[in-house]
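Notes to accompany the following structure.
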Amino acid sequence: MSTPPVGRLRWTDVPILLRNRLETALGAAVTDAVTPAGGFGHQLAAALTLADSRRFFVKASPTDDPLTAANLHEGAVLGSLPAGAPAPDVVGIHHAAGWTAVVIAHLDGPHPDFSPDSSDPGQIWALLDKLTSSPAPRPYMEAVASTPSGAAGLHGWDQLLADPPGDLEPADRDRLREFAELEAAWPALAHGDRIVHGDLRADNMVHDRTQGVIFVDWAHATTGPACIDAVSLAPQLVLAGHPPQDIAQLLNEHPASATSPLAATAFLAALTGHWHRNARRPAPPGAPGLRAYQHRAAAVGTTLLRLRIS
Ligand SMILES: Nc1ncnc2c1ncn2[C@@H]1O[C@H](COP(=O)(O)OP(=O)(O)O)[C@@H](O)[C@H]1O
Ligand SMILES: [Mg+2]
């Protein structure tokens, strides 16, 4: 059994009753459990290998842990996505010993390569176009109906405007009011009927050896305007080495963001404000690297925002 990244629960941390329940449900003993690198969660998220060589992916946590609600939401979403959506199937949900496990079909491969040399970004933009080009189907709407959109509530420039942090770049400080106004427009534009993954980054995708790129970690899935995932993806590509000008151009042209440019700009402002604000908060336990990532994301997000509004 491999050592998980810092802060992650391991398979052996799961109560034996739940481990036994899973082995019974899956029909064979677990012979290996590998926790993939990446992600910021603290729950168990592991690829299990069974005695008969089949593999499954499982997420588990104590039932009263807030991550359990997120895992259950993800299970419901995976069971409701339209055929052909880039997502793994849900296999089962199990409760035992005060814990809950969601079992998901295993994907075999690395995270996609977001760098400019890779064909993965092109494939991902095509998947996003397909995913958002028509309204979400009814089962999906029902699965996400009681889950508020996390993206709709993002903000941060308002707080930076009220109390500008000393380490804010002078160029950002000069435009604080403008950024805060753009962000303030976002909540009214945040509604829509499209499937929104809500947390698209390389570590929430797997380039499966047979299926190509598949989106995982649907815990934040909701409905909204088509631009949310496209705008979220854009700074990730700049962080991976794409020139900001190229990505700004792509956002101008991609159907998911080109059809609602005002919403796309307002959401980019809200997202970057959220990153700037959170990057300056004390680090939460069990999520090493999160604040440093938010600082980097805030910087490239603001560069993209400037390119959109200059
Ligand atoms: N179905 C799957 N098959 C194989 N690996 C997966 C699967 N789903 C997720 N992963 C891998 O596990 C990691 C953590 O899973 P994820 O669903 O993102 O959980 P978390 O909420 O903890 O970030 C992902 O970054 C990815 O590398
Ligand atoms: Mg994740």
Side-chain angles (χ1 to χ4, degrees), residues 1-11 13-14 22 26 30 32-50 53-63 65-81 85-94 99-114 120 124 127 143 147 150-151 196-222 229 232-233 235-236 239-240 284-290 293-294 297:
M1 310 257 166
S2 69
T3 312
V6 185
R8 281 267 191 210
L9 290 170
R10 292 161 305 174
W11 171 242
D13 294 327
V14 175
L22 288 170
L26 297 173
V30 171
D32 195 21
V34 175
T35 302
F40 297 111
H42 58 263
Q43 87 273 42
L44 171 87
L48 306 180
T49 303
L50 305 185
S53 303
R54 285 176 301 137
R55 284 195 282 179
F56 293 92
F57 188 74
V58 63
K59 296 171 89 166
S61 46
T63 302
D65 187 311
L67 283 177
T68 294
N71 293 344
L72 288 172
H73 176 66
E74 177 172 11
V77 164
L78 293 179
S80 72
L81 283 162
D89 289 334
V90 61
V91 175
I93 294 173
H94 303 274
W99 279 54
T100 296
V102 178
V103 184
I104 298 169
H106 180 259
L107 301 166
D108 186 19
H111 295 304
D113 176 1
F114 275 12
D120 288 346
I124 292 162
L127 289 173
T147 307
V196 176
H197 175 282
D199 201 14
L200 271 196
R201 299 187 307 252
D203 61 273
N204 284 335
M205 303 179 193
V206 174
H207 189 138
D208 181 78
R209 287 178 218 292
T210 52
Q211 302 174 76
V213 177
I214 302 285
F215 301 164
V216 299
D217 203 355
W218 287 78
H220 304 281
T222 179
D229 284 335
S232 304
L233 193 59
Q236 305 300 324
L239 285 172
L290 179 61
Y293 158 74
Q294 287 168 337

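Every number for a ligand or one of its atoms is a count from 1 in the order of the listing. Everything quoted here is computed from the prediction, not taken from an experiment.
Ligand 1 has no atom lying under 4.0 Å from any heavy atom of A219. Using a 4.0 angstrom heavy-atom cutoff, R55 does not count as in contact with ligand 1.
The nearest non-hydrogen atom to atom 25 (O) of ligand 1, considering only L78, D203, V90, comes from D203.
Remark: ligand 1 and V216 share no N or O pair separated by less than 3.5 Å (distance only, no angle test). Backbone and side-chain nitrogen or oxygen atoms of H106 are examined, and none is located within less than 3.5 angstrom of a nitrogen or oxygen of ligand 1. Looking at ligand 1, you won't find any N or O of I104 less than 3.5 Å from one of its N or O atoms.
For the atom pair NE2 of H220 and OG1 of T147, the computed distance is 11.0 Å after rounding to the nearest 0.5 Å.
Looking at F56 and V30, their side chains never come closer than 4.5 Å, going by heavy atoms from C-beta outward. L107 is not listed as a side-chain neighbour of F57, based on a closest heavy-atom distance of 4.5 Å or more.
The minimum heavy-atom distance between A46 and T35, with the atom names listed, is CB-OG1, 4.1 Å. Residue A87 comes nearest to W218 through the heavy atom pair CB-NE1, 3.5 Å, listed as atom of the first residue, atom of the second, then distance.
Distances from the Mg ion (ligand 2) to the N/O/S atoms of D217 are shortest for OD2.
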